[in-house]
Amino acid sequence: MSTADPRRLIPRTDVLLADPVLRAAGAELGMPRVRSAVRDAQARARAGEIAPDAVAEVARAEVARASEVPTTLRRVLNATGVIVHTNLGRAPLTDAAVDAIRVAAGYVDVEFDAAGGARSRRGAGALDALAAMVPAAEAALVVNNGAAALALAAIALAAGRDIVVSRGELVEIGDGFRLPDLLEATGARLREVGTTNRTHLADYLGAVGPDTGFVLKVHPSNFRVDGFTRSVGCGELAMALRQKGIALVADIGSGLLQPDPALPGEPDATTTLAAGADVVTASGDKLLGGPQAGVVLGQAGLVERMRRHPLARALRVDKLTLAALEATLSGPPTWVARVLHTDAGEMRLRTLAFARNVGVSDADVVAADGAVGGGGAPGVALPGWAVSLPEAYAVPLRTGTPCIVARVHAGRCLVDLRCIDPADEPALAARLREIAEGGR
Ligand SMILES: *Cc1c(COP(=O)(O)O)cnc(C)c1O
């Protein structure tokens, strides 16, 4: 390569991202979109399609085009400290997942074997990635969401039969949707055992019999029962049921695939299967950190019955979801995992530096716990810090551009940086200053 190679003149990513126009676009469109425009423009320069000194302009033109994309969805800066916020779309996707969606948007070999020229297993890449993450599972299936995974288990494995479940686990998952109603809508009968606070192994064993489709364990992911309580763990239950040839299905909810020391009470697929559950169901867009999806993992025979059930076709996911899920599983740590493991000391320094830089009066840095949210790890406080401002900041933050959602607590507006991308801090700081100066 000669020293005069024009490719050497291609501007670096950090230089391009400092461009005022691209920075402003980042506040509106999100940094993943801007980074991807920058990468595309650099790639075109590398391929000799455009001159190196045109890279910034081409990237600017691309983000300008993207900002006209016809969606009424608006980007939100999540300053609530709640990581998996259902009202804000749960898990933000990784850059890798966004790139995968862009590829999948065109024609792709989602169920085509290019070598053989014939149909192939749909979404094999995503299923293989799941299998690699959870070797304890013999088989995997992906459906539309966690509720669909559970409904499909009920229909395929227990229609017209009993699902035996503890009264303490019949949860409402949000927006008025209740798991018992969902299960009964499939044609399975619910056989409730135990009481709200206490269920014993004998309660389960007294209820199972020839009419049992399966026994269900549901992780009560959005509430906690304290005090005089007793529940039966998956291991103990599975061992007793195995002798009777009855399957145990566990809805673990938030989709942790491996144990996470930061969330000791949160069940994960690997441990639950190792304890003896035959099938595990979970969401893809909570702690798993990917797109909306329902993940089914477990015994090959049972998962195959679910896959072959006619209703599976009505619950199947599209190529975009499969692409994003595969990229999430096989790519770098997810946004959810990264912010979940944010160090409280670092958070404090970051928040202090941010507050100093914003420089508005009546702003203090206060200890403020974050939360997993989205029906996950209830009662687990994630130690952190926030900028505390007068409550009057909340409405203009929400109604300005970009839309910023903070937490209102005890008459103060708490701006928590945990779920804010550092690249978005300048936009956030600028809004706070505008509001402080009396602007809207
Ligand atoms: C969130 C949740 C569901 C529903 O999952 P979706 O992906 O929202 O459909 C079901 N069960 C449990 C235990 C949950 O936490």
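Along the sequence shown, residues carry numbers from 1. First listed ligand is number 1; within each ligand, the first listed atom is number 1. On a predicted model such as this, the values are computed, not experimentally measured, just so you know.
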S.K.: Under 4.0 Å between a Lys/Arg side-chain N and an Asp/Glu carboxylate O for R75 and D424?
M.R.: yes
S.K.: Using a strict 4.0 Å cut-off to heavy atoms of N145, name the atoms of ligand 1 that fall inside it.
M.R.: 7 (O), 9 (O)
S.K.: Looking only at distance, does I252 have an N or O less than 3.5 Å from an N or O of ligand 1?
M.R.: no
S.K.: Can you tell me which residue pairs pass the salt bridge (charged side-chain N to carboxylate O under 4.0 Å, His left out) test with a partner in residues 241-258, sequence neighbours excluded?
M.R.: R242-D278
S.K.: Indicate every side-chain donor-acceptor pair of residues 96-108 with a distance under 3.5 Å to a residue at least two apart or in another chain.
M.R.:
{"residue": "D99", "atom": "OD1", "partner": "R39", "partner atom": "NH2", "Å": "3.3"}
{"residue": "D99", "atom": "OD2", "partner": "R39", "partner atom": "NH2", "Å": "2.9"}
{"residue": "R102", "atom": "NH2", "partner": "D40", "partner atom": "OD2", "Å": "2.9"}

S.K.: Any idea which of H219, K286, R90, E169 brings a heavy atom closest to atom 1 (C) of ligand 1?
M.R.: K286
S.K.: Give the atom numbers and elements of ligand 1 that come within less than 4.0 Å of a heavy atom of A147.
M.R.: 4 (C), 5 (O), 6 (P), 9 (O)
S.K.: Please determine whether a side-chain nitrogen of the Lys or Arg among R191 and E184 lies less than 4.0 Å from a carboxylate oxygen of the Asp or Glu.
M.R.: no
S.K.: Would you call R74 and E28 a salt bridge, taking side-chain N to carboxylate O under 4.0 Å as the test?
M.R.: no
S.K.: Can you tell which of G284, P267, S283, G294 gets a heavy atom nearest to atom 6 (P) of ligand 1?
M.R.: S283
S.K.: If we check side chain to side chain contact (heavy atoms under 4.5 Å, CB included) with V317, which of these qualifies: N145, V142, L141?
M.R.: V142
S.K.: Which of the atoms in ligand 1, numbered in the order shown and given with their element, are less than 4.0 Å from a heavy-atom of D251?
M.R.: 10 (C), 11 (N), 12 (C), 13 (C)
S.K.: Closer than 4.0 Å to some heavy atom of G146 - which atoms of ligand 1 meet that?
M.R.: 5 (O), 6 (P), 7 (O), 9 (O)
